[in-house]
Amino acid sequence: MENWENELADAGGSITTYSAVGSSWDDGDQQHKNNGGSSWNDRGGTFGVKDGYKGNDDSGNFEGNGGSSWNSGRGGFAGNDGSRDNEGRSWNSGGGGFGGYGRGRGRGSMGGGFKSSENDDNGNSEENDGSSWNTGGTGFRGRAGVRGGRGSRGGGRGFSSFSSGNHDDSSSGFGGSFGGGRGGCGGRGGFSQDGYEQRGGRRGGGGRGGGGYRARDEEVFPRGPSFDEDGEKEEANMGPKVNYVPPPPPEEENSIFAHYQTGINFDKYDEILVDVSGSNPPQAITTFEEANLCETLNKNVSKSGYMKPTPVQKYGIPIISAGRDLMACAQTGSGKTAAFLLPILQQLMADGVAASRFCEVQEPKAIIVAPTRELINQIYLEARKFAFGTCVRPVVVYGGISTGYTIREVMKGCNVLCGTPGRLLDIIGRGKVGLSKLQYLVLDEADRMLDMGFEPDIRRLVGSPGMPSKEERQTLMFSATYPEDIQRLAADFLKTDYLFLAVGQVGGACSDVEQTVLQVTQYCKRDQLVELLLKTGTERTMVFVETKRKADFIATFLCQEDVSTTSIHGDREQREREQALSDFRSGKCPVLVATSVAARGLDIEHVQHVVNYDLPSSIDEYVHRIGRTGRCGNTGKAVSFFDPEVDTPLARSLVKVLSGAQQEVPAWLEEVAFSAHGTSGFNPRGKMFASTDTRKRGGFFQKDMQQPAFEMEIEGRERWD
Ligand SMILES: Nc1ncnc2c1ncn2[C@@H]1O[C@H](COP(=O)(O)OP(=O)(O)OP(=O)(O)O)[C@@H](O)[C@H]1O
C-alpha cells in the first residue's frame with residue numbers, strides 16, 4: 001500500500017509543477033483508486049494545472065487526471081471502478097459515469113462512460129492521451145458528462161481543450177478551464193469538428209462560446225481559427241493568447257557552429273546498401289566539394305565539422321540539386337537535415353535570394369514542415385547555421401509562442417520558412433506569407449506528416465492560395481520510416497517521376513544502438529527503472545512513456561529517488577518544454593522523461609541511453625525513439641520494458657526490427673511473437689513497415705511472395721489490419 005498524500009516535492013528544482021496535494025492513491029491492489037471523490041487538486045477547488053500534481057500511476061490503472069480538479073468537492077467523480085487509462089484507453093469503461101463533473105450542468109455520461117480511443121497506430125500518446133475523452137462515440141457526448149454547460153465553473157470549454165490533447169499551447173488549453181461563463185464544450189464544438197471524432201477525438205479543440213480564462217499576463221486571442229503544430233484546430237476567440245517569446249538564437253559563431261563529434265562507426269555508413277529507384281537518378285557525390293556549394297556554404301559545412309557526406313547526403317544532395325522530387329529514407333541520426341538544407345540553400349544562393357524587410361507579404365522560397373516544435377526549431381537552427389554569412393534568412397514558426405512575435409520575425413524577411421503545420425497555416429491564413437514564389441516544400445518526418453493526424457493539414461497547406469502545384473514546385477520528403485500505406489499517400493504530393501532513396505532497410509533501426517528488451521510486469525517497472533538509472537549514473541538518458549500524466553508521475557518519482565530529472569510532453573508550457581530540453585542538453589538534468597513528442601528528430605549530444613518504460617504502440621515510433629541515441633556514428637543503448645499483457649501485439653515487429661539491426665532476439669520474445677500470431681492473429685499496434693520503395697511491387701501480395709514465411713505473415717496480417 002502506498003499513499004500519495006504527501007506533497008510530491010520538486011526534488012530537482014526543475015520540475016516546478018509536481019505537487020500532489022490531497023490526492024490519495026491506493027496502491028495495494030495495484031488499482032489506484034481515487035478515493036471517493038477526493039479532491040485531486042484541492043488547492044482552491046478549481047482547476048489548477050500548475051498546482052495539481054497530475055496524478056497517475058505506473059500500473060496504468062486509472063491514471064489520475066492531469067492536474068485538473070475532477071471533483072473539487074462537488075458532483076463526485078463517480079464510477080472509477082475498473083477505470084483504466086492505460087494508453088489512453090477508457091477512463092470509465094466499467095460503467096458508471098463521470099457523474100457531476102464540476103458543477104453546473106454536467107451530468108454523468110451514460111453507459112460506457114468516457115470511453116476513449118485506442119491509441120492510434122502511431123503511438124501518438126500525445127494525442128491519445130488527450131483525446132481520450134470522447135472518441136468512439138460511446139458515452140460522453142455533448143450534454144452528457146462533461147459538457148461544462150453554461151455557468152459551470154471550470155467545467156467548460158477549457159476542460160475540453162485539455163482533454164482534446166491540446167498541442168498548441170498547453171496554457172491556452174487549460175486556460176479555458178478557468179473560465180466561468182459559457183465555456184461549455186464537449187459536444188460539438190470540441191469533438192466533432194471536421195468529422196475527426198472517429199479518430200479518437202484528436203481534433204477536439206476548444207468548444208464554443210465566450211468566457212475563458214484570462215491569465216495575468218495573457219490576452220485573449222483576438223482571431224482565429226488557428227492551428228497548433230499537431231494540426232489541432234482551435235476555435236477563435238477561445239483561448240488565451242500565449243505571449244511567450246523564446247530566447248533569441250545564439251549570435252556567437254562558436255555557439256552557432258557548436259557540434260558534436262562523429263562516432264567510431266561514422267565510416268561504417270559507407271557500407272550501408274543504398275538503393276535509388278525511379279528513372280534517371282543523378283550520380284551520387286562522394287565529397288562535399290563535388291556538391292558544388294558556394295564558398296560561404298562550403299565554409300559553413302566545414303565549420304560544422306562535416307568532413308565528408310553521409311550516404312543520404314551523397315545521394316540526396318545531387319538528386320535535389322537536379323530538381324527532382326524525392327522521398328528519402330535513411331536511418332535515424334544519419335544526416336538527413338543537411339541532405340535537404342544544403343542543396344536548397346545552394347540554389348537560393350545561386351539565385352541571389354536575399355531577405356527583405358520591406359515587403360508587406362513575405363514570399364519564402366522554401367517551406368520546411370516538421371511535426372513538433374522542438375524539432376522544427378532544431379531544423380531552423382541548422383538552416384540558420386548553414387546560411388550564416390549569407391543574405392538568406394530562415395525563420396521559424398510554431399505553436400506555444402507569441403503569435404505577434406512570430407509575425408514580427410517573419411516580417412523581418414523570410415526566405416526559408418520552417419514551421420509546424422498549424423502555425424504555418426495560421427500565418428499563411430493571416431496573409432503574412434505568400435506562396436507564389438515557393439520552390440521547395442520539404443516534409444521532414446514525412447510519414448508522420450502524412451499520417452492521419454497531420455495529413456489534412458498538409459493537404460490544406462498544399463491547397464493554400466498561391467501554392468504552386470506539385471508540377472511547379474519541388475517536393476522533398478525525409479524520414480527514417482515509411483509505412484507502405486503512407487508511401488502510397490505520399491505519391492499524391494510528388495511528381496510522378498520522383499526518386500525513392502533508401503539507405504539501408506526502410507524503417508530499420510540504427511544498428512549503432514544496442515537494443516535490449518526486458519520482460520517485465522507493469523508493477524515492477526519503476527523498480528527496474530531505478531535499478532537501470534543507478535547503473536547509468538549521470539549519463540544522459542531519455543525515458544519514454546506513453547502518456548503525459550505518466551511522464552509527470554515518473555519524473556516526480558525519479559526526483560524523489562534523487563535522480564535529477566525533467567520532463568517534456570504536450571501539456572507542459574512551451575517555456576517549460578524548452579527549459580526541460582535545455583536542462584537535459586546541459587546535463588543539469590541527465591534524465592529526461594518524455595512522451596512521443598520527443599521521439600522524432602531531436603538531436604541531443606551525449607544521449608547514451610533510451611529507455612522505453614512503456615513501449616510505443618507502433619514499431620516506427622520505436623525506431624524513432626531509440627534513434628535519439630547512437631547518432632552520427634556514435635554508439636548508444638536502448639532498453640525496452642516489454643509487458644506481455646500490453647505489448648504482445650508489437651512483438652512480431654519488434655523481432656523483425658531487432659534482427660534487421662543484427663541485435664540479439666530473446667527467445668521469450670520470439671515465442672511471444674509466434675504465439676501472438678497464433679492467438680490474436682494480428683498486430684494492430686505494430687503498423688507495417690516497408691522494406692523498400694513500394695513502387696517496385698505490384699502490391700502487397702507480390703511482396704509477400706518474395707519474403708520468408710515469417711515476414712509474409714507479419715506483413716500480410718499487419719496489412720489487413
Ligand atoms: N556529414 C556529416 N558529418 C558530420 N556530422 C554530420 C554530418 N551530417 C550530419 N551530421 C550531424 O549528425 C547529427 C544527426 O544529423 P540529423 O539530425 O540531420 O539526422 P537525421 O537523419 O535527420 O536524424 P533523425 O532521423 O533522428 O531525424 C547532427 O548533429 C548533424 O549535425
Side-chain angles (χ1 to χ4, degrees), residues 256-270 272 284-291 293 297-298 300-317 328-344 368-372 374-386 388 418 442-449 476-482 501-504 506-513 542 585 596 598-607 610 620-634 636 638:
I256 292 173
F257 288 98
H259 61 271
Y260 60 82
Q261 297 301 312
T262 56
I264 48 166
N265 290 334
F266 188 80
D267 287 335
K268 286 198 191 155
Y269 280 152
D270 293 334
I272 300 177
I285 55 168
T286 53
T287 62
F288 279 118
E289 290 72 56
E290 290 172 47
L293 304 176
L297 272 184
N298 259 328
N300 292 342
V301 165
S302 51
K303 277 194 243 172
S304 304
Y306 293 19
M307 309 306 285
K308 68 171 186 180
T310 63
V312 69
Q313 293 162 0
K314 286 178 182 171
Y315 288 81
I317 290 173
C329 188
Q331 69 183 52
T332 51
S334 66
K336 293 186 284 294
T337 317
F340 60 78
L341 283 178
L342 290 174
I344 290 176
I368 300 166
V369 196
T372 65
E374 289 74 18
L375 176 56
I376 200 64
N377 201 34
Q378 180 181 296
I379 294 169
Y380 157 70
L381 291 173
E382 288 289 287
R384 192 170 171 268
K385 170 176 88 177
F386 290 126
F388 182 78
C418 309
V442 184
L443 304 186
D444 195 24
E445 309 298 343
D447 56 329
R448 178 76 180 96
M449 301 312 308
L476 311 169
M477 301 190 181
F478 284 80
S479 184
T481 52
Y482 277 104
L501 165 62
V503 181
V506 174
C510 172
S511 52
D512 295 329
V513 181
M542 288 177 84
R585 274 184 205 277
S596 281
R600 286 180 178 250
L602 294 186
D603 184 52
I604 300 169
E605 192 178 5
H606 299 314
V607 176
V610 168
D620 290 339
E621 205 66 15
Y622 171 84
V623 167
H624 287 280
R625 282 184 183 185
I626 67 167
R628 295 317 97 214
T629 185
R631 299 176 68 77
C632 205
N634 292 287

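Whatever order the structure lists ligands and atoms in, that order sets their numbers, starting from 1.
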Show me the short polar-atom pairs for ligand 1: any N or O of it lying under 3.5 Å from a protein N or O, with distances only.
unit_1   : atom_1 : unit_2 : atom_2 : d
ligand 1 : 1 (N)  : Lys308 : O      : 2.9
ligand 1 : 1 (N)  : Gln313 : OE1    : 3.0
ligand 1 : 8 (N)  : Gln313 : NE2    : 2.8
ligand 1 : 10 (N) : Tyr306 : OH     : 3.4
ligand 1 : 17 (O) : Arg631 : NH2    : 3.0
ligand 1 : 18 (O) : Lys336 : N      : 3.4
ligand 1 : 18 (O) : Thr337 : N      : 3.1
ligand 1 : 18 (O) : Thr337 : OG1    : 2.6
ligand 1 : 19 (O) : Gly335 : N      : 3.2
ligand 1 : 19 (O) : Arg631 : NH2    : 3.4
ligand 1 : 21 (O) : Ser334 : N      : 3.1
ligand 1 : 21 (O) : Gly335 : N      : 3.2
ligand 1 : 21 (O) : Lys336 : N      : 3.1
ligand 1 : 21 (O) : Lys336 : NZ     : 2.8
ligand 1 : 22 (O) : Thr337 : OG1    : 3.4
ligand 1 : 23 (O) : Gly333 : N      : 2.8
ligand 1 : 23 (O) : Arg631 : NH2    : 3.0
ligand 1 : 25 (O) : Lys336 : NZ     : 2.6
ligand 1 : 26 (O) : Arg628 : NH1    : 3.0
ligand 1 : 26 (O) : Arg628 : NH2    : 2.9
ligand 1 : 26 (O) : Arg631 : NH1    : 2.7
ligand 1 : 26 (O) : Arg631 : NH2    : 3.2
ligand 1 : 27 (O) : Glu445 : OE2    : 3.4
ligand 1 : 29 (O) : Asp603 : OD2    : 2.5
ligand 1 : 31 (O) : Tyr306 : OH     : 2.7

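- Contact record, Ala291 with Ile285: CB-CD1, 3.8 Å, taken as the closest heavy-atom pair.
- In this structure, Phe386 has its ring center closer than 6.0 angstrom to the ring center of Tyr306.
- Checked options Asp620, Thr332, Val506; the residue passing with Thr481 is Asp620 (criterion: side-chain contact (heavy atoms from CB on, under 4.5 Å)).
- Within 6.0 Å of CD on Glu605 lie more than 12 heavy atoms contributed by other residues, nucleotides or ligands.
- Residues that satisfy the side-chain contact (heavy atoms from CB on, under 4.5 Å) test with His606, not counting sequence neighbours, are Arg540, Gln608.
- Taken to the nearest 0.5 Å, the CZ atom of Phe257 stands 4.0 Å off from the CG atom of Asn300.
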